[in-house]
Amino acid sequence: MIKNKEKMYVVALLLGLAVLVAPYIYTILYAVPSSDDFVMAIGVDKTNLFGEAVRVANEYYFKWAGDWISIFLQILFNPLLLFGATSSLYGVEMVIHFCLYAVVIGWMIRNIFYYVLKIKDMKMILGVYLIILMSILNMDVWTEIFYWFVGATYLHGMLFGMSSIALLVKYRAKGGIFTGFLLSVMGFLGCSYFMLAVLPATVYLIYLVVDLIKDKKIYWKKDIPFFFYCAGFLSALAAPGNFSRLGSETGETGLHLFRTALDTLILWMDTTFDLIKNPLVLIAMLLLVLIGAVIFKEMKFEFRYPLLPFVLTMLCLYITYFPMALGYGGTSYLPNRVRFIFCTYAVLMYAASFLYLGGWFYRKKGELITKKNLITAVAALAVFGYVCIMPTKYYEELPYAKTVSQTRNVKIVNSEWMYLLRYIENTEEKDLYLSRSKINTVIIKAPGLTADENYAVNQKIAEYFGKDSIKLEMW
């Protein structure tokens, strides 16, 4: 009877997961090429993509920025080079990126539960995973990540970093040469996105510090993978092209460290406020406190310092934002794709902090953690959520709701943009003047064509299709 009930919980959670991700998979399927997708496909020999990926990555490394693995992947897996700009397979590839993201987050959470917490309760693991994924997807509509290939290269770095965490916790628990090898590869690749290296590096450093405190030494032979983390980070940091990008958004040059530190603080406060003011995410975090109190009651952790995880989280997030703000030349605005990184890391780290807080609460007030009180607390959260979301119709502003609402329109939007791109591709005219009604592009990232033929995106799309100029007027 108990086993059947457990299976019902798991099935219900899996159905909830399917309901959560289905609208994203459907809408992403109709994504269309945009701006830098065309830029990265120009002047590339399609018959030798690997060699071309190495060549272009090398050029960017010395002239633009140190994220060499990102540039390499932008050539090697660019759907315009693989399938062409008017192929429906662009959306299929973007769906694969989204699914990989969802799977890797789940894999990381599962391994942390298995190898760190020693918990193999699948309904608890799925519950925490569903809460975290739901929170991330409802922070914003991540147009520049899930609907744009070049933007998704930021996602690749996160996939490497989170994979390294999943492998690290397993490696430190069970060892294994093959696991250590995979960890070294993922750690190297993840930290080569030096703007994304903070979280995976911090997790490894925590292990090293614990070894130092408990055993008074660090097992360097066992921790050879950590040197690969460092090598990946240094390979990106030492790139001659890094300083070339400084001020690309502002037209200024120089490090401007003090201003960048201030801008980083503004960015950190802005995104943290986004977390707090989002009632769905706030309720999710409070729910994790209750889950932490339940799952940690059998644990032997001391839970002495309930604020320590929060302090560590805030510090890591600040350090994560700093190189991003520095790379944009000291600006208090960062694009959607960069905010995605911060929001993903913020939700993951705050989730761990609130789970820990639940464990601390159980250690202090364990007698209050009864079935009746838990039901009461969940009911109170449900009422709080209803009051915050329903009367104000806040639910209409939720990114999930926006995505669901667009399931009726994305196919039409895709067909209209693809019609234009196919016309540009097939016409023999060299100077194109196009005019049509406005395409209601809401969550899909549009190609970026404008009425200004001298606009950079217009010029690059024209070059990609072998045209002299393109103008697109919309009314």
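None of the values given here were measured: they were computed from a predicted structure. Just so it is clear, the values below take in all heavy atoms, side chains as well, and ignore hydrogens, waters and symmetry mates.
Looking at M134 and Y400, their side chains never come closer than 4.5 Å, going by heavy atoms from C-beta outward. Looking at heavy atoms from C-beta onward, K174 lies out of side-chain contact with T179 at the 4.5 angstrom threshold. D274 has its side chain out of reach of C343: every pair of non-hydrogen atoms, C-beta onward, lies at least 4.5 Å apart. Using a 4.5 Å heavy-atom cutoff, the side chains of L434 and I424 are in contact. Annotation: side chain of W220 is in contact with side chain of F227 (closest heavy-atom distance under 4.5 Å). A heavy-atom distance below 4.5 Å is found between the side chains of I136 and I105. No side-chain heavy atom of Y193 sits under 4.5 Å from any side-chain heavy atom of Y154. With a 4.5 Å cut-off on side-chain heavy atoms, C316 and T313 do not count as touching.
Heavy atoms only, all atoms of each residue included: A284 and I131 are closest at CB-CG2, 3.5 Å. In terms of heavy-atom proximity, G127 sits nearest to L13 at N-CD1, 3.9 Å. Shortest non-hydrogen contact noted between P225 and G180 is CG-O, 3.9 Å. Of all non-hydrogen atoms in A238 and Y61, the two that sit nearest each other are C-OH, 4.0 Å. Residues P33 and L421 approach most closely at CD-CD1, 4.2 Å, considering heavy atoms.
Checked against ring-ring contact (aromatic ring centres under 6.0 Å, His included), F181 has no partners two or more places apart in sequence or in another chain. Residues passing the ring-ring contact (aromatic ring centres under 6.0 Å, His included) test with F273, sequence neighbours excluded: none. Listed by chain and residue number, R172 satisfy the salt bridge (charged side-chain N to carboxylate O under 4.0 Å, His left out) test with D223 (two or more places apart in sequence, or in another chain). Judged as a salt bridge (charged side-chain N to carboxylate O under 4.0 Å, His left out), and not counting sequence neighbours, the contacts of E59 are R55. Every residue two or more places apart in sequence or in another chain that forms a salt bridge (charged side-chain N to carboxylate O under 4.0 Å, His left out) with E463 is listed here: K460. Listed by chain and residue number, S34, S35, T143, E144, W148 satisfy the side chain to side chain contact (heavy atoms under 4.5 Å, CB included) test with K445 (two or more places apart in sequence, or in another chain). Applying the salt bridge (charged side-chain N to carboxylate O under 4.0 Å, His left out) test to E416 and every residue at least two apart in sequence or in another chain returns R436. For R422, the side chain to side chain contact (heavy atoms under 4.5 Å, CB included) partners are T86, M418, N426, not counting sequence neighbours. Here I283 pairs with L381, F384 under the side chain to side chain contact (heavy atoms under 4.5 Å, CB included) rule; sequence neighbours left out.
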Requested in this report: List the steps, then state whether side chain to side chain contact (heavy atoms under 4.5 Å, CB included) holds for L420 with L449.
Outcome: CA-CA 10 Å; L420 274 176; L449 287 168; 5.9 Å; no
Query raised in the report: Do V338 and F342 pass the side chain to side chain contact (heavy atoms under 4.5 Å, CB included) test, and can you show the C-alpha distance, the side-chain angles, and the key distance before you say yes or no?
Result: CA-CA 7 Å; V338 177; F342 188 87; over 6 Å; no
Requested in this report: Assess whether side chain to side chain contact (heavy atoms under 4.5 Å, CB included) is satisfied between L287 and F354, documenting all intermediate values.
Outcome: CA-CA 9 Å; L287 188 59; F354 279 103; over 6 Å; no
Requested in this report: Report the C-alpha distance between I125 and Y114 in whole Å, list the side-chain angles of each, state the deciding distance to 0.1 Å, and finish with yes or no for side chain to side chain contact (heavy atoms under 4.5 Å, CB included).
Outcome: CA-CA 9 Å; I125 296 172; Y114 267 47; 3.6 Å; yes
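Not a single donor-acceptor pair under 3.5 Å links the side chain of T427 to the backbone N or O of Y423. Checked by atom type and distance alone, the side chain of Y345 pairs as donor or acceptor with a backbone atom of L196 at under 3.5 Å. Not a single donor-acceptor pair under 3.5 Å links the side chain of K170 to the backbone N or O of G176. K471 places no side-chain N or O within donor-acceptor distance of the main-chain N or O of N454, the cut-off being under 3.5 Å. Proximity of a side-chain donor or acceptor of D431 to a complementary backbone N or O of D468 within less than 3.5 Å is not detected. N278 places a side-chain N or O within 3.5 Å of a backbone atom of L280 that can act as its donor or acceptor partner. Without hydrogens or angle criteria, D140 side chain to N336 main chain gives no donor-acceptor distance under 3.5 Å.
Here K214 does not pair with D211 in a salt bridge; the nearest charged N to carboxylate O distance is not below 4.0 Å.
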Side-chain donor-acceptor pairs under 3.5 Å in residues 89-103, sequence neighbours left out?
{"from": "Y90", "atom 1": "OH", "to": "D37", "atom 2": "OD2", "distance (Å)": "2.5"}
{"from": "Y90", "atom 1": "OH", "to": "F149", "atom 2": "N", "distance (Å)": "2.9"}
{"from": "Y101", "atom 1": "OH", "to": "T344", "atom 2": "OG1", "distance (Å)": "2.8"}

Using distance only, find each side-chain donor-acceptor pair of residues 17-29 under 3.5 Å and give its atom names and separation, not counting sequence neighbours.
{"from": "Y24", "atom 1": "OH", "to": "L137", "atom 2": "O", "distance (Å)": "3.3"}
{"from": "T27", "atom 1": "OG1", "to": "P23", "atom 2": "O", "distance (Å)": "2.9"}
{"from": "T27", "atom 1": "OG1", "to": "Y24", "atom 2": "O", "distance (Å)": "3.2"}
{"from": "T27", "atom 1": "OG1", "to": "Y147", "atom 2": "OH", "distance (Å)": "2.7"}

Could you go through residues 157-164 and list every donor-acceptor pair under 3.5 Å that involves a side-chain atom there, pairing it with any protein atom two or more places apart or in another chain?
{"from": "S163", "atom 1": "OG", "to": "L159", "atom 2": "O", "distance (Å)": "2.7"}
{"from": "S164", "atom 1": "OG", "to": "G161", "atom 2": "O", "distance (Å)": "2.5"}
{"from": "S164", "atom 1": "OG", "to": "Y229", "atom 2": "OH", "distance (Å)": "3.4"}

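The local environment of CE in M269 is sparse, with at most 12 non-hydrogen atoms from other residues, nucleotides or ligands closer than 6.0 Å. More than 12 heavy atoms of other residues, nucleotides or ligands lie within 6.0 Å of CZ in F226, so this atom counts as buried by the packing criterion. More than 12 heavy atoms of other residues, nucleotides or ligands sit less than 6.0 Å from atom NZ of K222. In this structure, Y219 places its OH atom where more than 12 heavy-atom neighbours from other residues, nucleotides or ligands lie under 6.0 Å away.
Side-chain contact annotation: Y464 with E425, donor-acceptor N/O pair under 3.5 Å absent. A side-chain N or O of S235 and one of W68 form a donor-acceptor pair less than 3.5 Å apart. For the 3.5 Å distance criterion, the side chains of T450 and N458 qualify, holding a donor opposite an acceptor.
Ring planes of F310 and Y350: tilted class, angle from 30 to 60°. Between F50 and F72, the ring-plane angle classifies as perpendicular under the 30° and 60° cut-offs.
How far CD of Q406 is from OG1 of T441: 9.0 Å, rounded to the nearest 0.5 Å. Separating the CE atom in M40 from the OG1 atom in T153 is a distance of 8.5 Å, to the nearest 0.5 Å. How far CD1 of I75 is from CG of L82: 10.5 Å, rounded to the nearest 0.5 Å. From Y455, atom OH reaches atom CG of L472 across 12.5 Å, with rounding to the nearest 0.5 Å. Rounded to the nearest 0.5 angstrom, I461 CD1 and K467 NZ are separated by 13.0 Å. The distance from atom OH of Y433 to atom CD1 of I470, rounded to the nearest 0.5 Å, is 14.0 Å.
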